[in-house]
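Positions are given from 1, in the same order as the sequence printed here. Counting convention: from 1, in listed order, for ligands and their atoms alike.
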Amino acid sequence: MINDIIEISKEAGEIIREGYGKNIQIDYKSGENNLVTEIDRASEKLITDFIKKKYPSHSILAEEGSGVERDSEYLWVVDPLDGTTNFAHKLPIFSVSIGLQKNGETFAGVIYDVMRNVLYAAELGSGATANYETIKVSSNDNLSHSLLVTGFPYNKTENPDKVFERFIAFIKSARGVRRLGSAAIDFCYVASGIFDGFWEVYLNPWDICAGKLIVEEAGGIVTDFSGNQIDIYSKRILASNGKIHTAMINVMKEYNN
Ligand code: IPD
Ligand code: CA
Ligand code: CA
């Protein structure tokens, strides 16, 4: 199955690469910050058509609505283009993210970093890879020497869940904080040891599913902001190399209520 996910992720990546930089149609979903393009829809159609044909009994949860609910132990969780705002502005940081669950547990995940042509993959218990080479989280145990990444929800102007306070706290306590615009790539960069930690609120299941497994299989930890286990429906996500996890929890403690 992992080979199927890899193949279809790469094919979706081809569609996205073809559309990149072209004059494509952009629509608004829930306000002027939340975009969807014809390429998001084309990528999703390719992926969900493939799953529906090859695995007709499986359920699919897909961001742009072409999923299907069936009485199945298998659930495919699909973000056909993660980083749509970047894509629409011609910033080459975006990805395809596909996770596969059995009875609520993610056992395979693939994220394709389209423009870098790097394919991240993980299977439960088998480690994580980037272009088939094993990847590991960083070994840095000092928050003040850490490079972190975050993102903001589309209703950021309302400062939901104190996103701005958390951002300021980490800007002060870490070496640097970046905002790349693709949560799936943020997870992959934690898994490969580029970033030491990543936090974000109000992500969706398709932003989390594959990335969480890839970080965990690379030796990292993914929890909520208090260190509790999470699932793909959780609204507070903290991913790190494990070594700075408690320090990151401590920085955010005062903003949790
Ligand atoms: C978005 C990206 C972004 C994150 C947003 C997501 P989309 O996904 O992952 O990094 O900050 O919360 O919604 O809409 O480009 O698939
Ligand atoms: Ca997304
Ligand atoms: Ca998306």
Side-chain angles (χ1 to χ4, degrees), residues 8-9 12-13 15-17 19-20 24-48 60-67 76-99 109-115 120 148-164 166-167 170 177-191 194-195 197-215 222 230 232-239:
I8 200 67
S9 302
I15 291 182
I16 297 170
R17 221 177 354 253
Y20 179 64
I24 42 143
Q25 190 191 325
I26 301 173
D27 296 319
Y28 297 104
K29 291 208 275 192
S30 63
E32 62 175 15
N33 290 328
N34 194 356
L35 311 179
V36 60
T37 73
E38 60 186 281
I39 302 297
D40 296 62
R41 295 196 181 102
S43 171
E44 181 164 307
K45 184 169 184 333
L46 177 94
I47 296 165
T48 56
I60 307 170
L61 178 62
E63 180 173 13
E64 310 308 340
S66 64
W76 295 70
V77 185
V78 177
D79 192 333
L81 202 180
D82 185 55
T84 296
T85 305
N86 287 347
F87 178 79
H89 285 261
K90 305 183 174 57
L91 177 66
I93 303 174
F94 39 79
S95 56
V96 177
S97 175
I98 303 178
V110 169
I111 293 172
Y112 182 45
D113 182 337
V114 176
M115 299 310 279
Y120 296 89
L148 307 180
V149 67
T150 190
F152 296 93
Y154 292 112
N155 62 339
K156 60 187 181 317
T157 49
E158 294 155 26
N159 195 19
D161 205 354
K162 303 202 175 83
V163 285
F164 296 130
R166 293 181 202 282
F167 183 72
F170 280 122
V177 179
R178 303 290 181 257
R179 197 279 196 250
L180 295 188
S182 166
I185 290 182
D186 297 337
F187 278 113
C188 293
Y189 282 11
V190 172
I194 296 170
F195 293 130
F198 164 46
W199 83 97
E200 187 159 346
V201 297
Y202 300 121
L203 288 172
N204 285 297
W206 44 81
D207 300 312
I208 299 168
C209 190
K212 176 174 184 286
L213 181 67
I214 291 170
V215 168
V222 185
I230 55 150
I232 59 172
Y233 304 97
S234 300
K235 292 299 162 204
R236 287 174 167 175
I237 305 297
L238 172 60

Are there any N/O pairs under 3.5 Å between ligand 1 and the protein, and if so, what are their distances?
residue  : atom   : partner : partner atom : Å
ligand 1 : 8 (O)  : Asp82   : OD1          : 3.0
ligand 1 : 9 (O)  : Asp82   : OD1          : 2.7
ligand 1 : 9 (O)  : Asp82   : OD2          : 3.4
ligand 1 : 9 (O)  : Ala183  : N            : 2.9
ligand 1 : 10 (O) : Gly181  : O            : 3.2
ligand 1 : 10 (O) : Ser182  : N            : 3.1
ligand 1 : 10 (O) : Ala183  : N            : 3.2
ligand 1 : 11 (O) : Arg179  : NH1          : 3.3
ligand 1 : 11 (O) : Glu200  : OE2          : 2.6
ligand 1 : 12 (O) : Glu200  : OE2          : 3.0
ligand 1 : 13 (O) : Tyr154  : OH           : 3.4
ligand 1 : 14 (O) : Tyr154  : OH           : 2.6
ligand 1 : 15 (O) : Gly83   : N            : 2.7
ligand 1 : 15 (O) : Thr84   : N            : 2.8
ligand 1 : 16 (O) : Glu63   : OE1          : 3.3
ligand 1 : 16 (O) : Asp79   : OD2          : 3.2
ligand 1 : 16 (O) : Leu81   : O            : 3.2
ligand 1 : 16 (O) : Asp82   : OD1          : 3.4

Next item on the list: Taking both backbone and side-chain atoms into account, decide whether Glu63 has an N/O/S atom under 3.0 Å from the Ca ion (ligand 3).
Entry: yes
Next item on the list: May I ask you to say whether Lys29 pairs ionically with Glu64, meaning some side-chain N is under 4.0 Å from a carboxylate O?
Entry: yes
Note to self: Tell me the closest heavy-atom pair linking Glu44 and Gly65, and the distance in Å.
What the structure shows: OE2-N, 3.1 Å
Item checked: side-chain hydrogen bond (donor to acceptor under 3.5 Å, both in side chains) partners for Gln25, two or more places apart -> Asp27
Check: Which atom, counting only N, O or S, brings Asp79 closest to the Ca ion (ligand 3)?
Finding: OD1
Notebook entry, point to check: Can you tell me how far OG of Ser97 sits from CD1 of Ile111, rounded to the nearest 0.5 angstrom?
Noted result: 4.0 Å
Notebook entry, point to check: Do Phe94 and Ile39 come within less than 4.5 Å of each other through their side chains, counting heavy atoms only?
Noted result: no
Item checked: Proximal heteroatom of Asp82 relative to the Ca ion (ligand 2) (N/O/S) -> OD1
Check: What are the two closest non-hydrogen atoms of Phe87 and Tyr20, and how far apart are they?
Finding: CE1-CA, 3.7 Å
Next item on the list: With the side chain counted from C-beta on, respond yes when Phe187 and Ile237 share a heavy-atom pair under 4.5 Å apart, and no when they do not.
Entry: yes
Next item on the list: Kindly give the heavy-atom pair with the smallest separation between Val114 and Ser95, and that separation in Å.
Entry: CG2-CA, 4.1 Å
Check: Under 3.0 Å from the Ca ion (ligand 3), is there an N/O/S atom belonging to Gly83?
Finding: no
Next item on the list: Write the atom name of the N, O or S atom in Asp207 that is nearest the Ca ion (ligand 2).
Entry: OD1
